[in-house]
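Position 1 is the first residue of the sequence; numbering continues from there. If you're wondering where the values come from, they're calculated on a predicted model, not measured in any experiment.
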Amino acid sequence: MSRPRSAQPDDPRATLRSGLPDRYLTPDDIAEIFGVPLETVYQWRRKRTGPPGFRVGKHVRYDPAEVGAYVAQLKNVDRVAA
């Protein structure tokens, strides 16, 4: 699958569309992927409502496979509710 011309190589949304990235995602990546403010990502983490993250020292990281599973779960909930 080819990468869209409009997306930059370091754009996490383009990476997720073309396959799993070869690195863990940062909170900034998550905010950009979902189109929400960074503070929302931190609120999700505090409330345990967003994609599951983990700590590496003082840094929060997200496994792209778990983010994908989280999105799939949200889609299934929406389909059942509709």
key: Atom pair OG1 (T40) and CD1 (I30), whose distance is rounded to the nearest 0.5 Å   = 13.0 Å

inquiry  = Same cluster or not: L38 versus V67, using hydrophobic residues (I, L, V, M, F, W, Y) connected whenever any side-chain heavy atoms lie under 4.5 Å apart?
reply    = no

message = For the CZ atom on R55, are there more than 12 heavy atoms of other groups (residues, nucleotides or ligands in this structure) within a distance under 6.0 Å?
response = yes

inquiry  = As a quick check of understanding, evaluate salt bridge (charged side-chain N to carboxylate O under 4.0 Å, His left out) for D29 and R23, giving each step before the final call.
reply    = CA-CA 11 Å; D29 294 333; R23 64 177 178 79; 2.7 Å; yes

inquiry  = Can you confirm if the aromatic rings of Y62 and F54 lie within a centre distance of less than 6.0 Å?
reply    = no

ask   = Would you call P27 and R61 a side-chain contact if the rule is heavy atoms closer than 4.5 Å?
value = yes

query = Would you say the side chain of F34 lies within less than 4.5 Å of the side chain of V41, judging by non-hydrogen atoms?
reply = no

query = Angle class for the Y70/W44 ring planes (parallel below 30°, perpendicular above 60°, tilted otherwise)?
reply = tilted

task = Calculate, to the nearest 0.5 Å, the distance between atoms CD and CG belonging to E66 and L25 respectively.
result = 11.0 Å

